[in-house]
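Worksheet: the structure to be examined is printed underneath.
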Amino acid sequence: MSAAGGAATQAASGERAASATAPPGRRRRRRSAVPWWFVVPAAVFYVFAVAWPSLQGAALSLTDWDGLSQERSFVGLAQFERLIADSAATGAIWNTLFIAVGITVLQNLVGLLLALGVHSKIKSRNVLRVALFAPAVITPVAVGYLWQFLLAPQGAVNDLLGALGLGFLQRSWLGDGDLALVAIVVVIIWQFAGYSMVIFLAGLQGVPEEILEASHLDGAGAFRRFWSVVRPELAPALTINLMLSVIGGLKLFDQVWVMTGGGPGNATDTMSTLIYKNAFQFNDFAYGIAMALVLTAFVAVLSSAQYLGLRRQPGGSS
Amino acid sequence: MNRSLRSTLVPGALALALVGATTACSSDVAGGGAAGGGGDGQTLAVAATTNEQAAMDAVIADFEEANPGVTVNATYSALDQYQTTTRTQLSSGTAPDVLFVWPGDGNPVAVDVVAPAGYLEDLSDEEWVADLPDGIRPVVQDTEGATWIAPISFSGIGAVYNMTALEEVGLTPPETWSELLQFCADAQEQGRSAFALGAQTNWVTQLIPFALTPSLVYRDNPDFAEQMAAGEASFADSEWTTAMDKNLEMQEAGCFQSDPLGTSYEATLTAVAQGDSLGVIQVNSAVPGVQGEAPEGTEVQLLPVPATDDPSETWMAGAAGSSYGINVDAANPDLAHQFLDYVMSPEGTNTYVTTNSALPAIPNDDFQVEPSLEALAQYQEEGRTYPFMDQQWPNARVQQTLFSVAQQLLGGQTDVPSALAAMDEAYAQG
Amino acid sequence: MNRYSWRTGVLEAVMVAVGLLFLVPLYVLVNISLKAPQGPTEPLVPVGQPTLVNYADAWNQAGLGPAMVNSATVTVVSVLLIVVFAALAAYPLARVTSRWSSWLFYAFLVGLLLPFQLALIPLYTTMRDLGLLGSVWALVIYYVGLQMPFSIFLYTSFLRAVPHDYEEAASIDGAGPLRSFWSVVFPLLRPVTGTVVILNVLQVWNDFLTPLLYLSGSAQQTLPVALFTFVSQYVSQWNLVFAGLVISIAPILLVYFLMQKTIIKGFASGLKG
C-alpha cells in the first residue's frame with residue numbers, strides 16, 4: 001500500500017520541482033521531442049464529460065428553470081441575490097466550513113499519528129496498515145447506513161460506552177444538531193484517517209527509524225529535533241493530504257445525506273445537501289445550481305490558498 | 001518496429017472496442033421510453049418506488065399471463081432516487097411509459113407538478129374515472145376536472161399497534177385524547193413506550209400532525225384547504241396550533257421512547273415488532289413492516305388516533321395512495337392504457353392493494369379487507385377521512401419546512417407559533 | 001538498534017488497541033449479517049448461531065451477481081482507459097515547459113473543484129442524444145472524463161520529478177514518440193500508476209448517483225445501485241441489509257489485499273526513480 005503513498009509523495013515533490021529543473025537550452029529541444037497530441041484523448045473525454053456540460057449547467061443558474069418544466073426564462077443574477085437573503089444557505093455554509101476544517105485538521109493529525117505508530121518496529125505493523133485502511137474502501141453510502149445504525153440511541157456506540165463503564169458519555173449522537181455535526185466529522189475520520197496514514201507513511205520512508213524511536217523517549221528537545229528532520233520529508237505528503245481533505249470536506253454529500261439528511265431541522269445541512277434538495281426536491285433547480293457555483297468558488301479559493309500557502313513554507317517548496 | 005506497432009495498435013483497438021460495444025449495447029434500454037424507442041406494442045416500461053415493488057410485480061405477473069407475448073419491464077428505486085431520476089427523465093424525454101406519480105401536490109413528482117408541465121396523458125376518458133370517490137377526485141384531477149393519474153390504493157395514517165404486546169401488559173388502545181395520555185403513562189409504568197417515534201427520518205415527523213388534523217381542523221372545516229389557497233386562512237391562525245401543541249403534549253407526557261430525534265423509521269418498526277413500544281403512528285404500509293419483523297403470530301392493527309375527548313369526533317387521514325400516470329411520449333401508449341385499465345379493474349386493484357396492505361381506492365365487492373385494516377375501511381366507508389394535507393399544498397417547500405420545524409419542535413429549538421409561521425411563509429411562495 | 005524494547009511493546013499495545021477500535025464498526029457489520037432473521041439485535045454480542053442465509057437471500061433478491069459483473073466491467077475498462085490517457089497526457093504536460101502546457105494543466109485541475117450537480121443534467125441530455133442511456137459505456141465515458149483531472153495531476157507531478165536522461169537516450173535511438181513513451185516513459189510511471197489505479201478503482205466502483213441515472217430503465221445495474229434498491233426495500237431488516245453491504249465491500253477489499261504485493265514492489269522502484 002505504501003507504494004500508493006510513495007508515488008503520491010513523489011508526485012507532490014515533483015510538482016514543486018516543476019519549473020526549477022531543465023536549463024533553457026534543454027527546454028527548446030524537449031518541446032520538439034514531446035508530441036503535444038498525447039493530451040488529445042484525455043482532453044476530449046474531459047471536455048465532453050466534465051468541462052462542457054459543467055458550463056452548460058452553470059448557464060442554467062441565470063434562468064428560473066425549476067428542473068422539470070419545458071419553459072425557462074433568463075433572470076440574470078436573481079438566483080444569486082436570493083442566496084444572500086437565504087438563512088438556510090448561510091447556515092449550510094457555516095456547517096460546511098465546520099466540517100471541512102474539522103476533517104482537514106483532525107483527519108491529518110490522526111493519520112499522521114497512525115503513520116508514526118506503524119512506521120516502527122512493532123510486530124503488528126503490516127496487519128495494522130491493512131486494517132486501518134479498510135474503512136476507506138467502503139462505499140460512502142454504505143458507511144452512512146452503517147453509522148446511522150451504530151449511532152442510534154440504543155446502538156453499538158452507546159452500548160460500548162455502557163460496557164466500558166462510560167455510561168455518562170452516552171448521547172443522542174445524531175438527534176442533537178451540534179453533536180450530529182461532530183459525529184459526521186468523526187465518521188469521516190474513521191473512514192479516511194487510514195487513507196491519510198498511507199500517504200504520510202510514504203513520506204516517512206525517508207526518515208530513519210532511530211530518530212523516531214529517540215523522539216519517543218526524551219523531552220521537548222528531542223521532539224524539536226524530530227520535527228526538524230521529519231517535517232521537510234513529510235511536506236509533499238502533507239500537500240496531497242490537505243488538498244484531498246479540503247476538497248473532500250467541502251464537497252461532502254453521501255455520508256451526511258444517509259446519516260442525517262441534513263437534520264435534525266437544518267442543523268447538519270451542508271452546501272451539497274442543500275444543492276441537492278433545491279435542485280431535485282424543491283422544484284428549484286436553477287437556485288440549486290447557483291449554490292453549486294458558490295460552492296465551486298469556495299473550493300477554488302480555499303484549496304488554492306491552502307496549496308499556495310504550503311508551497312511558500314520552508315520545506316514545502318525547495 | 002514490432003513493438004512500436006503494438007503500442008499504436010493497443011490504444012486504437014481499445015477505442016474501436018469502445019465504439020463497437022457502445023453501438024451494440026445502446027439497444028439494451030429495456031422496453032419503451034421515448035429514448036428506448038421500443039414502440040413494438042409488446043414491451044412496456046414501468047417505474048415506481050421500491051415501496052411498490054412487491055405489489056407491482058404481482059400485478060405485472062398476472063397481466064403478462066393474461067396477455068401472452070407482452071413483457072412489462074419495471075424499474076424500482078428508493079424514494080429520493082426515484083424523484084431525482086424521474087424528473088431528469090421527464091425533462092429529457094426518456095421517462096418510462098407508465099410511472100408512479102404522487103397524488104395532489106407537495107412532492108417533486110406529484111401530479112400537480114408533473115401534469116401542468118405537460119408530461120402526462122389525459123386519462124379523463126377512462127372508464128374507471130366515473131367510479132372515483134369524491135374524496136379522491138381533488139388529488140388526481142385538476143381544477144377543470146381533467147383526470148391525470150390512476151389511483152389504485154387508499155392509504156391511511158393511524159396508530160399501528162402490536163396487539164399481542166398490548167395484551168401482555170393488559171392495556172387497550174385509547175379512544176379519546178385523555179385515554180391516550182393515560183395510555184402513555186400506563187405503558188411507561190410497564191417499562192415500555194406507548195409510541196415509537198422515528199423523528200430522525202424526516203418524513204416521519206409529519207405523521208402525528210397529519211393523524212390529528214383531520215379531527216381537529218378539517219372535520220369542522222372541510223374547506224380549509226381552499227380557504228388557504230385563497231389566502232383567507234393560515235396555519236398559524238387555525239387549529240393546526242392545537243395539533244402541534246398536542247404533538248408536544250405527547251412528548252411531555254412521555255408517550256415516546258427516549259430520544260426520538262436520534263431514532264430512525266427503521267428502528268421504530270423493530271421496536272414495535274419486539275414490543276418495546278406498543279405502537280407507532282404511521283402509514284398503513286408500516287403494518288406489513290412490523291409483521292415482517294415480529295415473532296410468528298403477532299397481531300397488528302391500524303387504529304385511529306383520537307384527538308379530542310369525543311370518540312365520534314375522531315377522523316382518520318386517508319387518501320389516494322399508489323397512483324400511476326401515462327407518459328405523454330410513451331413508446332407504447334395503447335399498451336400503457338391497457339395496462340392501467342387492468343390495474344384499475346377490481347382484479348388488478350385487489351391483487352395490488354392486498355400485496356401492499358392497503359385498501360382499494362375504488363371500493364369493490366370482491367375485496368377482502370385484512371383484519372388489521374378494518375378500522376380504516378370502516379372510516380373510508382363512513383366518509384370520516386380527509387386526504388393527507390401535503391397533497392393540497394402548493395409546493396414541495398411547505399412539506400420540507402414541516403419536516404424541519406417538527407424536528408426543531410421536538411428538540412425544543414422553536415415554538416409552535418414560529419413553526420407554523422415558517423410553514424405559512426413557505427406556503428406563500430406558491 | 002534493532003531491538004524490541006519495552007517502549008516498542010507499549011507502542012504495540014496502543015496501536016493494536018487503536019486498530020481494534022477502528023475495526024469495531026466492521027465487526028458489528030459482519031456480526032449482524034450473520035444473525036438469523038427475527039433474532040435479538042445485540043450489535044456487540046457475538047451471534048449465537050451464525051447463519052449464512054442472509055447472504056443467500058441478499059445475493060438472490062438484490063440480483064447482486066449480474067450487478068457485480070457490470071460493476072467489474074465498468075471499473076476495469078474505465079480504469080484502464082484512465083491510466084492510458086492520463087499517462088499519455090501527463091508526458092507533454094510535464095515535459096513541455098511552454099505557457100500553453102501549464103495553462104492546460106490548470107484547466108484540467110479546475111475539474112477537481114466542480115460539484116457533480118453542475119454537469120449532471122446537461123451530460124445526461126447529451127448521452128440521451130447519443131443513444132447511450134441504459135448502456136454501461138455511458139458510464140465508462142463519464143468516468144474517464146471525470147477522473148482525468150486527479151489522475152493527470154498525479155502523473156504530471158510525478159513525471160516532473162523524474163530525470164530526463166532515460167527518454168533522451170531513447171529518442172536518440174531514433175524511436176517514434178509512441179514507442180519511446182510505451183517502452184521508456186510508461187515503465188517509469190509504474191509506481192504512481194499503482195496510486196492512480198487504487199484511487200480510481202475506489203471512485204468508480206463506489207459511485208452511486210451516475211449509474212442510477214444512466215442505467216435507470218435498463219436491465220443493467222451496478223453493485224451500489226442494486227444494493228441500495230435492495231436496502232430501501234428491506235428497510236429495517238438490518239441482517240439482510242448488512243449481508244448485502246458485506247457482499248458489496250468484499251470484492252474491493254479482496255482486490256486491495258491481492259494488489260498489496262505488487263504495489264509494495266512498485267513502491268521500491270518508485271523510490272529509486
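To find a chain, count down the sequence lines: A is the first, B the second, and so on, and within it residues start at 1. Hydrogens, waters and symmetry mates play no part in the numbers below; they use all other heavy atoms, side chains included. All values reported here derive from a predicted model rather than from experimental measurement.
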Please set out all donor-acceptor pairs under 3.5 angstrom arising from side-chain atoms of residues 134-143 of chain A, sequence neighbours excluded.
unit_1, atom_1, unit_2, atom_2, d
Thr139(A), OG1, Asn206(C), OD1, 3.0

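- Side-chain contact check for Leu227(C) versus Tyr145(A): every heavy-atom pair is 4.5 Å or farther apart.
- Side-chain atoms of Tyr46(A) come within 3.5 Å of backbone N or O of Ala107(C) as a donor-acceptor pair.
- The most heavy-atom pairs under 4.5 Å with chain A, out of Leu123(C), Val201(C), Leu120(C), come from Leu123(C).
- To the nearest 0.5 Å, the span separating CG on Leu118(C) from CG on Leu293(A) amounts to 5.0 Å.
- The CZ atom of Phe45(A) sits 5.0 Å away from the CZ atom of Phe85(C) when rounded to the nearest 0.5 Å.
- Between Thr296(A) atom OG1 and Leu112(C) atom CG the span is 12.0 Å, to the nearest 0.5 Å.
- Put simply, the side chain of Phe253(A) does not reach to within 4.5 Å of the side chain of Leu209(C), judged on heavy atoms.
- Using a 4.5 Å cut-off between heavy atoms, Ala292(A) touches chain C through backbone and side chain atoms alike.
- Among Pro122(C), Ala90(C), Gly244(C), the residue with the largest count of heavy-atom pairs under 4.5 Å with chain A is Pro122(C).
- The structure places CG of Leu113(C) at 7.5 Å from OG of Ser304(A), a figure rounded to the nearest 0.5 Å.
- Proximity to chain A (any heavy atom under 4.5 Å) is restricted, for Phe228(C), to the side chain, taken from C-beta onward.
- Using a 30° and 60° split on the angle between ring planes, Phe38(A) and Tyr91(C) fall in the tilted class, from 30° to 60°.
- Lys121(A) contributes atom NZ, which lies 12.0 Å from atom CZ of Arg7(C) (distance to the nearest 0.5 angstrom).
- For Phe298(A), no part lies under 4.5 angstrom from a heavy atom of chain C.
- Both the backbone and the side chain of Leu160(A) come within less than 4.5 Å of a heavy atom of chain C.
- Atom CD of Gln56(A) sits in a crowded spot, with more than 12 heavy atoms from other residues, nucleotides or ligands closer than 6.0 Å.
- The residue among Leu93(C), Leu199(C), Thr126(C), Ile152(C) with the most heavy atom pairs within less than 4.5 Å of chain A is Leu199(C).
- For Trp147(A), the part sitting under 4.5 Å from any heavy atom of chain C is the side chain, from C-beta outward, and nothing else.
- Neither the backbone nor the side chain of Met271(A) comes within less than 4.5 Å of any heavy atom in chain C.
- When heavy atoms are compared at a cutoff of 4.5 Å, Leu250(A) does not approach chain C at all.
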List the atom pairs, donor and acceptor, that lie under 3.5 Å between side-chain atoms in residues 10-33 of chain C and the rest of the protein, sequence neighbours left out.
unit_1, atom_1, unit_2, atom_2, d
Glu12(C), OE1, Lys123(A), N, 2.9
Glu12(C), OE1, Tyr4(C), OH, 2.3
Glu12(C), OE2, Lys123(A), N, 3.2
Glu12(C), OE2, Ser124(A), N, 2.8
Glu12(C), OE2, Ser124(A), OG, 2.6
Tyr27(C), OH, Leu44(C), O, 2.9
Asn31(C), OD1, Val47(C), N, 3.1
Asn31(C), ND2, Pro43(C), O, 2.9
Asn31(C), ND2, Val45(C), O, 2.9
Ser33(C), OG, Val30(C), O, 2.6
Ser33(C), OG, Tyr55(C), OH, 2.6

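- Nearest heavy-atom pair across Gln148(A) and Trp238(C) is OE1-CH2, 4.2 Å.
- Proximity to chain C involves both the backbone and the side chain of Val118(A), based on heavy atoms less than 4.5 angstrom apart.
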